[in-house]
Amino acid sequence: MAVLTLGIESSCDETACAVIEDGRVVRASMIASQADFHSQYGGVVPELASRMHVEAIVPCLSETMAQAGCTYDDIDAVCVTKGPGLVGALLVGVSSAKALCEVKGLPLVGVNHMAGHIAANYLSDPAWEPPFLCLVVSGGHSEILHVKDYTDMEYICATRDDAAGEAFDKIARVIGLGYPGGPKLDKASVSGDPNAYSFPTPRISDSLDFSFSGIKTAALNTINQIRQNGGEIDVPDFAASYQDAICSVLIDRLDQAVKMTGMRRICLAGGVSANSCLRRKITELAKKRKCELCVPKMAYCTDNAAMIASAGYYDYMRGVRDGMDMNAYPSLELGV
Ligand code: KG4
Ligand code: ZN
């Protein structure tokens, strides 16, 4: 009989629940996004996010169960994001999961949000499995991991400063695109020329680590100079050029990681994996280096609970169980 995992995600501004079959098949996935609400403040306001999670979690759970056509008696484990993320927001998911487990006598599995993003690949390609290299790019993280097994991964390199999503969001705000910046920048770039503006290519010697502060500062300087001279930014051109610069750095490091490890299976994870330029560049890299490629479906790139239920399934099958003393861990690292 199929193993059903219930996933709960509340690490940032999305309240999400999902029911997954055997870690791979999505029975139901609901997302209540607060993004429109937070856009008036130009970013997520943590305290307001927590309160909105409290309001959204019970209806989200009931609708997910109805959509999945099952009851809590059919669920094998409750998998919840325990970190990293906003502590107040995480606590809503964690407390709800614990309450459910206590009342229904179900096993509790705490999931690392970034492991969840990686599992989005398992929901996108039924045949995709470790080992592989994963370029993880979200609002708070940018790193390349060697995923040796479902629950065994090793860092290869990471950003020394901003995450890729953060670098997109900051510049999108400055050029007037608003929040959330990444998708808006992506959209604006469609009709732009990626060679219209140029940015420095950062290099960190003796390491594959990357940095976006130089590109970001150069972008800010260019914007200020143009504005001081009474000119205007060509938004599509600027978006296309800036996006190209960030994605080129990420893909260059992934290329080096492929060469260094000899691993010829690559994939993307995290909100920025929705970016059209990054998806195009990784497809080109896979072709050039003859790598097998997995790119997450758009629905599973940004925060959702299906990916948490999938990652949690593999933990559950390997015997991971958390107790009622499990907390929310805002700075949780991947267990590597
Ligand atoms: O993974 P995610 O949903 O949340 C975190 O765990 O951080 O990632 C959100 C990040 C934001 O910075 C957002 O701007 C970025 O992903 N993002 C994009 C795109 N869609 C989302 N960045 C570039 N292009 C996109 N299409
Ligand atoms: Zn995320």
Side-chain angles (χ1 to χ4, degrees), residues 7-16 18 29 31-36 38-39 42-44 46 49 80-86 89-90 93 111-121 123 134-143 159 162-175 177-190 192 194 212 215-216 239-251 268-282 295-308 310-311 330-334:
I8 300 177
E9 155 66 35
S10 68
S11 65
C12 190
D13 60 347
E14 261 98 28
T15 318
S29 177
I31 304 172
S33 177
Q34 309 170 5
D36 286 347
H38 292 287
S39 67
V44 179
V80 63
T81 304
K82 62 177 175 179
L86 302 169
L90 286 165
V111 177
N112 183 303
H113 181 79
M114 303 318 293
H117 274 302
I118 295 168
N121 288 285
L123 301 171
C134 188
L135 172 58
V136 183
V137 271
S138 73
H141 283 77
S142 288
E143 52 238 356
T159 180
D162 284 359
E166 215 176 338
F168 281 137
D169 293 341
K170 281 182 187 165
I171 293 300
R173 184 159 53 215
V174 176
I175 60 173
L177 291 173
Y179 170 88
K184 293 188 173 169
L185 202 94
D186 194 2
K187 210 169 161 200
S189 74
V190 172
F212 294 122
I215 299 181
K216 200 183 64 191
S241 305
Y242 183 70
Q243 188 173 270
D244 192 82
I246 301 268
C247 295
S248 297
V249 171
L250 292 168
I251 295 299
L268 284 178
V272 181
S273 59
N275 185 264
S276 57
C277 175
L278 191 62
R279 293 168 86 91
R280 193 170 56 246
K281 281 185 187 291
I282 198 172
V295 173
K297 284 183 186 165
M298 291 299 271
Y300 304 126
C301 287
T302 46
D303 291 350
N304 65 87
M307 66 186 199
I308 302 301
S310 173
S331 312
L332 186 69
E333 295 267 342
L334 273 169

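In what follows, residues are counted from 1 in the order of the sequence shown. Indexing begins at 1, ligand by ligand and atom by atom, following the structure's order.
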Would a distance-only check, ignoring hydrogens and angles, find a side-chain to backbone donor-acceptor pair under 3.5 Å from Asn304 to Met307? yes
Taking 4.0 angstrom as the limit and counting only heavy atoms of Phe168, give me the atoms of ligand 1 inside it, by number and element. 22 (N), 23 (C)
Considering residues at least two apart in sequence or located in another chain, which fulfil the side chain to side chain donor-acceptor pair (under 3.5 Å) criterion with Thr81? Glu9
Before giving the answer on side-chain contact (heavy atoms from CB on, under 4.5 Å), spell out for Asp162 and Lys216 the whole-Å C-alpha distance, their side-chain angles and the decisive distance to 0.1 Å. CA-CA 9 Å; Asp162 284 359; Lys216 200 183 64 191; 2.7 Å; yes
For atom 10 (C) of ligand 1, the protein heavy atom that lies nearest, with its residue and separation: Gly139 N, 3.5 Å
To the nearest 0.5 Å, what is the distance between OG1 on Thr302 and NE2 on His117? 8.0 Å
Can you measure from CD (Gln243) to OG (Ser248) and round to the nearest 0.5 angstrom? 10.0 Å
CZ (Phe168) and CG (Leu177) are apart, to the nearest 0.5 Å, by 12.0 Å
Could you tell me which atoms of ligand 1, counted from 1 in the order shown, lie closer than 4.0 angstrom to a heavy atom of Ala274? 20 (N), 26 (N)
Asp186 to ligand 1: N or O pair under 3.5 Å? yes
Which residue and heavy atom of the protein sit nearest atom 2 (P) of ligand 1, plus the separation: Asp303 OD1, 3.3 Å
Would you check whether Gln243 reaches within less than 4.0 Å of ligand 1, judged by its heavy atoms? no
If the contact criterion is a heavy-atom separation under 4.0 Å, does Gly140 count as touching ligand 1? yes
Between ligand 1 and Gly182, is the shortest N or O to N or O distance under 3.5 Å? yes
When you check the side-chain N and O atoms of Asp13 and Tyr179, is any donor under 3.5 Å from an acceptor? yes
Looking only at distances, can you tell me whether any N or O atom of Glu14, backbone or side chain, sits closer than 3.5 Å to an N or O atom of ligand 1? no
Pick, from Val137, Val272, Val44, the option with the minimum heavy-atom distance to atom 15 (C) of ligand 1. Val272
Ligand 1 to Thr302, heavy atom cutoff 4.0 Å, flagged ligand atoms 3 (O), 21 (C)
Check each heavy atom of His113 against ligand 1 and say whether those closer than 4.0 Å belong to the side chain, the backbone, both or neither. side chain
Quick one: nearest non-hydrogen protein atom to atom 23 (C) of ligand 1, plus distance? Asn275 ND2, 3.4 Å
To the nearest 0.5 Å, atom CG of Asn121 lies from atom OH of Tyr300 at 12.5 Å
Quick one: does any side-chain atom of Ser189 pair with a main-chain N or O of Gly192 as donor and acceptor, under 3.5 Å? no
Spatial distance of atom OG (Ser276) from atom CG (Leu185) [nearest 0.5 Å]: 9.5 Å
Atoms of ligand 1 close to Gly165 [distance to a heavy atom under 4.0 angstrom, numbered from 1]: 12 (O)
Can you name the salt bridge (charged side-chain N to carboxylate O under 4.0 Å, His left out) partners of Lys297, sequence neighbours left out? none
Distance col, row Ile118:CD1 vs Ser310:OG, nearest 0.5 angstrom, shows 11.0 Å
Side chain, backbone, both or neither: which part of Asp169 has a heavy atom under 4.0 Å from ligand 1? side chain
Compute the shortest N/O to N/O distance between Ser276 and ligand 1 and return yes if it is under 3.5 Å, no if not. no
Given side chains that start at C-beta, do those of Val295 and Ser273 come closer than 4.5 Å, heavy atoms only? no
Check which protein N, O or S atoms are less than 2.8 Å from the Zn ion (ligand 2) and report how many there are. 3
Should Gly271 be counted as touching ligand 1, given the test is an N or O pair under 3.5 Å? yes
Apply side chain to side chain donor-acceptor pair (under 3.5 Å) to Glu143 and list each qualifying residue two or more places apart in sequence or on a separate chain. none
